[in-house]
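Nothing fancy with the numbering, it's 1 onward along the sequence. Worth knowing before you read on, the calculation uses all heavy atoms, side chains too, and leaves out hydrogens, waters and symmetry mates. Model, not experiment: these values are computed from the prediction.
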Amino acid sequence: EKFSFLNNLYAVLDQSLLAGKGTHAQFAPSGAKVISADFSDAVTTAGLINQIAEEDTQGHMTHIMSPEDVQGSLLLLHTLHFKGGWQNIEATRSHMFFHSKTDKGWQPTKVGAFEIFDELRFITTNDKTTYVALPMDGECSLIVRHSPKNTKAITRSDIVSLLTRPLEEISSFLMPCIFMELENNLLRLLKKQLPEELQTGFRTNLTSQPMQIISFIQKIKLDLSEDGVEVSAATSCSVVQQSTYQPPIFLIESPFTFSLIHNETLCPIAQGTIVDTQFMKPYVSSVSSGPDSDSDSDSDSDSDSDSDSDS
């Protein structure tokens, strides 16, 4: 199959919400498919969601949700899969890609790339920014923007300007091959975009209790090569009734910064950044290993008393 495209939206509801009248009608405008699940059976519900994502993305998204992620009574799931080939690939070769700027300049790395010799639509601006449209199957295009100064997003006006240009002959277009898998927590970004009344709680016709978004996770896989582009993505948004909301758990399990301050004046007393375990204390269990280790316990006890006296 050279070209395929799928774009689905699901509303996975707990059985308690489906008991209400007009539940399906609430999601009709969005085109979402309403699915019933028993959220009290977290293992089965997570398995159902993972199965939907795997089937929709042709096996690329295999694990979207764990049982511990199943909370509340409503989960919105969006799945996307695109696969399309190029219309005019000519050759593949190695390519030097410059990255990680240092005092000695940009550092080069040899990567795989594909090359096109054909007529393309392109724009070159006065600041040497280049826009190129690579034609694909299914009346699609890959738009590439390259600038020596920045990596700004491609806008709708950029696309309109580019696709209305005539085809022009080029000597060569060389594009690196890419493969990446990413997982993004979009909750913070979502809250910046939501109106204030939706950030703490909002009401729906599904239940008399206010609802709250507690999780917004996106996983994406991109494969761009001489064969074409394949993109798979799954986004899950968990919504709970506020009466069932569980307080968050915070785990400091990766690099972090700290600042010791005086509350009244807000003056910093000490501050720093921890990026590895070099300055962390080792874990020492206080539980005895058994009756046969009395001598070890005595030794540990002496060591503990020394530490106490030092402190």
Side-chain angles (χ1 to χ4, degrees), residues 1 4-83 179-191 201-202 204-207 209-223 229-251 253-254:
E1 189 177 12
S4 62
F5 179 62
L6 177 145
N7 183 26
N8 282 338
L9 179 63
Y10 302 89
V12 185
L13 283 81
D14 184 57
Q15 296 170 352
S16 60
L17 289 183
L18 279 174
K21 295 182 179 180
T23 301
H24 289 262
Q26 298 292 323
F27 295 95
S30 67
K33 303 174 184 179
V34 178
I35 298 175
S36 173
D38 181 4
F39 278 52
S40 64
D41 185 354
V43 174
T44 302
T45 300
L48 171 65
I49 293 168
N50 289 333
Q51 180 182 358
I52 293 172
E54 183 173 0
E55 291 176 354
D56 282 2
T57 61
Q58 299 188 8
H60 291 288
M61 297 284 107
T62 58
H63 184 80
I64 301 304
M65 182 163 286
S66 300
E68 54 268 24
D69 298 324
V70 178
Q71 300 183 53
S73 51
L74 168 63
L75 183 135
L76 301 177
L77 175 68
H78 175 244
T79 59
L80 181 144
H81 182 260
F82 171 90
K83 184 177 182 180
F179 180 81
M180 65 179 182
E181 293 183 76
L182 297 174
E183 177 176 343
N184 299 309
N185 187 338
L186 303 177
L187 185 59
R188 182 179 299 178
L189 179 62
L190 175 67
K191 287 187 173 181
F202 56 93
T204 70
N205 293 329
L206 298 173
T207 174
Q209 297 172 328
M211 310 287 281
Q212 183 172 11
I213 299 173
I214 61 167
S215 173
F216 194 31
I217 304 296
Q218 181 186 69
K219 293 187 177 181
I220 185 169
K221 181 182 291 186
L222 169 67
D223 188 355
V229 180
E230 186 167 16
V231 181
S232 301
T235 306
S236 64
C237 177
S238 296
V239 183
V240 301
Q241 300 179 45
Q242 284 192 332
S243 61
T244 62
Y245 176 64
Q246 298 295 321
I249 298 174
F250 299 98
L251 301 176
E253 55 185 2
S254 57

Intermediate values then yes/no, side chain to side chain contact (heavy atoms under 4.5 Å, CB included), Leu187 and Ile217: CA-CA 7 Å; Leu187 185 59; Ile217 304 296; over 6 Å; no

Contact between [X] and [Y] at the side-chain level, heavy atoms closer than 4.5 Å - yes or no?
X      : Y      : value
Leu6   : Leu80  : no
Lys33  : Leu9   : no
Ile52  : Ile35  : yes
Met180 : Lys221 : no
Leu77  : Thr235 : no
Gln15  : Ser36  : yes
His78  : Tyr10  : no

If the condition is salt bridge (Lys or Arg N to Asp or Glu O under 4.0 Å), which residues does Glu55 pass it with, not counting sequence neighbours?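 Salt bridge (Lys or Arg N to Asp or Glu O under 4.0 Å) list for Glu55, sorted by chain: empty.
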
Set of salt bridge (Lys or Arg N to Asp or Glu O under 4.0 Å) partners for Glu183, sequence neighbours left out: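 Partners of Glu183 under the salt bridge (Lys or Arg N to Asp or Glu O under 4.0 Å) test: Lys219.
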
What is the minimum heavy-atom distance between [X] and [Y], and which atoms define it?
X      : Y      : value
Gln58  : Ser4   : NE2-OG, 3.8 Å
Ser238 : Asp69  : OG-O, 4.1 Å
Met61  : Ile220 : CE-C, 4.1 Å
Ile64  : Ala234 : CD1-CB, 3.5 Å
Pro67  : Ala42  : O-CB, 3.3 Å

Give, for atom [atom1] of [X] and atom [atom2] of [Y], the distance between the pair rounded to the nearest 0.5 Å.
X      : Y      : atom1 : atom2 : value
Leu48  : Asp41  : CG    : CG    : 10.5 Å
Ser232 : Leu222 : OG    : CG    : 9.5 Å
Asn8   : Thr57  : CG    : OG1   : 11.0 Å
Ser236 : Leu76  : OG    : CG    : 9.5 Å

What residues form a side chain to side chain donor-acceptor pair (under 3.5 Å) with Asn185, not counting sequence neighbours?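 Residues passing side chain to side chain donor-acceptor pair (under 3.5 Å) with Asn185: none at all.
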
Main-chain N/O of Asp38 paired with Thr45 side-chain donor or acceptor, under 3.5 Å: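 Yes, because the side chain of Thr45 sits within donor-acceptor range (under 3.5 Å) of the backbone of Asp38.
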
I'd like to know if the side chain of Asn50 and the backbone of Met65 have a donor-acceptor N/O pair within less than 3.5 Å.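 Present.
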
Pairing residues for Glu54 by the side chain to side chain contact (heavy atoms under 4.5 Å, CB included) criterion, not counting sequence neighbours: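 In terms of side chain to side chain contact (heavy atoms under 4.5 Å, CB included), with neighbours along the sequence ignored, Glu54 is linked to Thr62.
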
Considering only residues two or more places apart or on different chains, which pairs with a residue in residues 48-71 satisfy ring pair (Phe, Tyr, Trp, His ring centres under 6.0 Å)?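 Passing the test, one end in residues 48-71: His60-His81.
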
For Asp223 and Val229, run side chain to side chain contact (heavy atoms under 4.5 Å, CB included): C-alpha distance rounded to whole Å, both residues' side-chain angles, the deciding distance at 0.1 Å, then the answer. CA-CA 6 Å; Asp223 188 355; Val229 180; over 6 Å; no

With sequence neighbours left out, what residues match Phe82 under ring pair (Phe, Tyr, Trp, His ring centres under 6.0 Å)?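 With sequence neighbours excluded, Phe82 shows a ring pair (Phe, Tyr, Trp, His ring centres under 6.0 Å) to Phe3, given in chain and number order.
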
Can you check side chain to side chain contact (heavy atoms under 4.5 Å, CB included) on Val12 and Phe39, steps first, answer last? CA-CA 9 Å; Val12 185; Phe39 278 52; 4.2 Å; yes

Between the side chains of Ser73 and Asp14, is a donor N or O closer than 3.5 angstrom to an acceptor N or O?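 No, because no side-chain N or O of Ser73 sits under 3.5 Å from a partner of the opposite role on Asp14.
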
